[in-house]
Amino acid sequence: MSDRSQKRAKIEAPKENPYLAHLSPSERLVGGTAAKNPYGLAADHPLANFVIGETTAEQGEAAEEGDINPFTDKPFSDRYKKILAGRRKLPVNKHRKEFLDLIQNNQVVILVGETGSGKTTQIPQFMVFDELPAFKGKKIACTQPRRLAAMSVAQRVAEEMDVVMGQEVGYNIRFEDCTSQKTMLQYMTDGMLLREAMNDPLLSRYSAIILDEAHDRTLSTDILMGLMKEIIKKRSDLKVVVMSATLDAGKFQKYFDDAPLMSVPGRTFPVEIYYTPEPESDYLEAAIFTALQIHRTEDAGDILLFLTGEEEIEDACRKIKAEADQMPDAGPIKVLPLYSTLPPQAQKRIYEEAPPPRTSGGRPGRKVVVSTNLAETSLTIDGIVYVIDPGFSKQKVYNPRIRVESLLVSPISKASAQQRSGRAGRTRPGKCFRLYTENAFMKELIETTYPEILRSNLGTVVLQLKKLGIDDLVHFDFMDPPAPETLMRALELLNYLEALDDDGNMTPLGSMMADFPVDPQLAKMLIASPQYGCSNEIMSIVSLLNVPLVFMRPPDQRKMADEAKAQFSHPDGDHLSLLNVYHAYKTSGEDQKWCYDNFCNYRTLKSADNVRTQLKRYMERCDLDLVSLPFDERPKGSYYTGIRKALAAGYFMQVAHQERSGNYLTVKDNQVVRLHPSSCLDHNAEWVIYNEFVLTNQNYIRTVTEVKAEWLLDIAPNYFDLDSFPNCEGKRVLEKLIQRRKAGGGDRDRERDYDRDESRSKSRKSDRSDKDRKEKRRR
DNA sequence: GAGCACTGC
């Protein structure tokens, strides 16, 4: 006890300022001295007797049950009282005292709460009454991995506290800061808090930080947890609560040096689990069969089926619908797909009611939702009684050897299986059909899904850590330390980009790169772009690279869609086509109909424009010039040449060279790759840079633009140190080029670039017609 | 001649 009071020294009460008496407590706080503590409140104020860090559950509850809202000084509404009654029934409410005891006597508390426990809405409020953050000129933050959750929980809590959203309670997510000077409780995305930490490494604006959904183990949550361990050493006044849903809380507890753990039961209904007696050879077929079986034989109640991706889902939906419609002894069925790239209005259909029976008293109608992992955590569908879990999902994996991230259909974890089955018991008892054996569940499934940090390229993570002032990455206390090779790859990348020097220290350039909310390569490109006279264009291109594909291609209108896309094609590469699309979109007046007519995704373009506005703000903040080259500059083509050089300034490590065989080989790694068929690059380009390496049945490079070997040597001499190159044609070409330069032809070489550009474009046309003729002959 | 699980700044 005494230890704590030393840490959290009581604040001496200043004399109340009578001129502030007409203001609400939180308004009195802003900038005023009275604001510093609650003792500046009138004696009959609901919080008058509260001592920060020493309040009791009874005090908090009494204040909540009073007539006057202590944070606004307004009478509580009737709606508030109704909501309050509901809150009192949440499982977490019984643990208010226990929680306060723990948080008052410990700096870090781990809290395990199952779904429906109320932890996300109530715990932050418990803390508000104990911390009274506004009286200290501080705030309480509660992080969420997803934006939607941050927004909707904030909305809910604002209602529960009877305040206007964005005032005392608010949220802060990218593109939308819904907080004010008065905000004392702020929900936010974990990425947002991380970004804040990069500029305020002690997070001094907060008196308490709650990391919610920590079991999700997002990259940001993992970094934040490591950061919390650092910060609490330096800020004894900071309280930290780590909230998680799964049972592996012991791991969190251990990580935070045996912090106390509190467990709150959930409020869900029992779910009966069924396993298959034998392993299934074809999970898709088994899943469809099971869905139909349930539909024919089980009582009313909707079905949720988990599959791995869009194509599989659409396929399954068709088959289930077709077969169910053939069943004479079953009720009507409504089959609905759900995945993130589905347009929002199609996504909303999952909330539609199941169809009624064909005749009164007939077999029940049923809704079947066929979904990706989206329905496992991000979205909740009420009314689900039956869950079918084939046991697979697509997961990101990173291969540091070839530096490639890819998606792989993999078995899920036990935690994931549990989460899935839980979806059947939201509103009443349910059943979960696992399409694998109980033995497989027990012995083959891993406990929890590997955290993202073990499955990702860590370029951005390492840069962020450096920006946070963590110099010694090898000894940084990761909850799960990434493979040394993955860290090495990241350090190597950042060193070549000159974000880190040879000793691994962050350069001023690296510090600036970390400010941009994009991959390091793209950040480098943005920062270099003014030197190439084209920062306006690079901002547009980078924005489009940071949103999903803009080009729509409905299966039944492929030809039209491809024709529409061809209008934007630039012969030298896809990055320039993106620029064309952006420009056309802006010229259309950001017209939705124009997008529809041209097979462009309006929402995507709109969000790209949002991103661009943000990037522009960062560019200005970094004092980078916003410039364009004159379009009709002589020699011809220099406008696009400037842009391509700027692209190379960021992408010089993602280069492929075309061998005489016609194959492309990636530079240094010597992976055989092909241009993605969607590429608009229409001629044999010897050197290309690419945005993305897509690993499917074949190796593809996607979003590709032609560059010149000369540029690469100029831009990244360190990377193009040929001693480090494996033997290949590209290496020999570069060697010859270097020899020629040594012989003194360097500058003339560069002047001739543009001439060659023109001659190249001529030969390109003849290439094309050559090819066409050959095609015809073959037929 | 194609296949984008899901988030986030």
Side-chain angles (χ1 to χ4, degrees), chain A residues 143-150 172-177 188-199 213 216-224 306-315 338-342 371-379 392-397 405-412 416 419 449 451-453 455-456 460-461 463-464 467 513-520 522-523 542-543 546-553 555 558-559 561-562 565 601 604 607 610-611 614-615 617-618 674-680 692 694-703:
Chain A
T143 68
Q144 298 292 319
R146 286 166 284 278
R147 305 169 48 154
L148 187 68
N172 191 4
I173 59 178
R174 188 185 190 182
F175 304 128
E176 206 182 340
D177 181 0
M188 65 203 301
T189 44
D190 47 13
M192 201 71 192
L193 186 62
L194 189 56
R195 211 139 264 284
E196 216 177 302
M198 296 197 309
N199 294 311
E213 314 286 351
D216 257 28
R217 303 292 307 277
T218 65
L219 281 177
S220 299
T221 303
D222 266 23
I223 301 174
L224 280 174
F306 286 102
L307 291 178
T308 64
E310 172 176 346
E311 193 182 315
E312 201 177 74
I313 288 171
E314 292 291 354
D315 190 42
L338 177 65
Y339 44 88
S340 75
T341 48
L342 203 64
S371 171
T372 61
N373 260 359
L374 192 57
E376 192 179 300
T377 45
S378 310
L379 265 177
F392 292 95
S393 70
K394 272 191 194 168
Q395 288 168 30
K396 184 170 70 180
V397 286
E405 277 180 354
S406 51
L407 284 171
L408 215 64
V409 174
S410 326
I412 61 170
S416 212
Q419 179 72 20
T449 312
E452 210 185 347
I453 201 160
R455 299 183 283 119
S456 306
T460 304
V461 169
L463 190 60
Q464 280 172 343
K467 178 88 179 187
M513 281 166 62
D515 282 338
F516 285 88
V518 296
D519 287 345
L522 298 182
V542 169
S543 306
N546 271 283
V547 294
L549 274 183
V550 282
F551 299 110
M552 313 268 281
R553 204 163 181 253
R558 287 199 185 151
K559 193 153 174 278
D562 290 347
K565 192 182 163 198
N601 189 325
T604 304
S607 77
N610 246 335
V611 174
Q614 194 188 27
L615 294 178
R617 213 166 47 233
Y618 283 114
R674 306 181 59 177
L675 295 188
H676 195 272
S678 67
S679 178
C680 66
E692 205 183 354
V694 188
L695 199 65
T696 53
N697 296 328
Q698 294 225 32
N699 294 341
Y700 288 105
I701 47 177
R702 190 158 56 184
T703 316

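Residue numbers begin at 1 in each chain, while the letters A, B, ... track the order of the sequences.
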What does [X] touch in the nucleic acid at a heavy-atom separation under 4.0 angstrom: a base, only the sugar-phosphate, or nothing?
{"X": "A/Leu407", "answer": "base"}
{"X": "A/Thr218", "answer": "nothing"}
{"X": "A/Arg146", "answer": "sugar-phosphate"}
{"X": "A/Thr189", "answer": "sugar-phosphate"}
{"X": "A/Phe516", "answer": "nothing"}
{"X": "A/Arg702", "answer": "base"}
{"X": "A/Ile173", "answer": "sugar-phosphate"}

On DNA chain B, reading 5' to 3', which nucleotide is the first and which the last to sit with an atom under 4.0 Å from a heavy atom of chain A, could you check?
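From 5' to 3', the first and last contacting nucleotides are B/dG1 to B/dC9.
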As a quick check of understanding, evaluate side chain to side chain contact (heavy atoms under 4.5 Å, CB included) for A/Ser220 and A/Gln464, giving each step before the final call.
CA-CA 10 Å; A/Ser220 299; A/Gln464 280 172 343; 5.9 Å; no
Would you tell me whether A/Asp216 and A/Thr377 have side-chain atoms, one donor and one acceptor, within less than 3.5 Å of each other?
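Result is no, nothing qualifies.
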Say whether, by atom type as modelled, one donor and one acceptor occur between the side chain of A/Lys394 and the main chain of A/Thr372 under 3.5 angstrom.
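No; judged by distance alone, with no hydrogens or angles, the pair does not exist.
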Between A/Thr308 and A/Asn546, name the one whose nearest nucleotide on DNA chain B is closer to the 5' end.
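Checking each residue's closest nucleotide, the 5'-ward one belongs to A/Thr308.
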Mapping A/Gln395 and A/Val518 to their closest nucleotides on DNA chain B, which lands nearer the 5' end?
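Its nearest nucleotide lies further toward 5', so the answer is A/Gln395.
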At their closest point, which heavy atom of A/Glu405 faces which heavy atom of A/Ser456, and how far apart are they?
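Nearest pair, atom of A/Glu405 first, then A/Ser456: OE2-CA, 3.7 Å.
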Minimum heavy-atom distance A/Ala514-A/Arg195, with the two atoms named:
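Taking every non-hydrogen atom into account, O-NH1, 3.4 Å.
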Which class fits the ring pair A/Tyr618 and A/Phe516: parallel under 30°, tilted 30 to 60°, perpendicular over 60°?
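Because their plane-to-plane angle lies in the 30° to 60° range, the rings of A/Tyr618 and A/Phe516 count as tilted.
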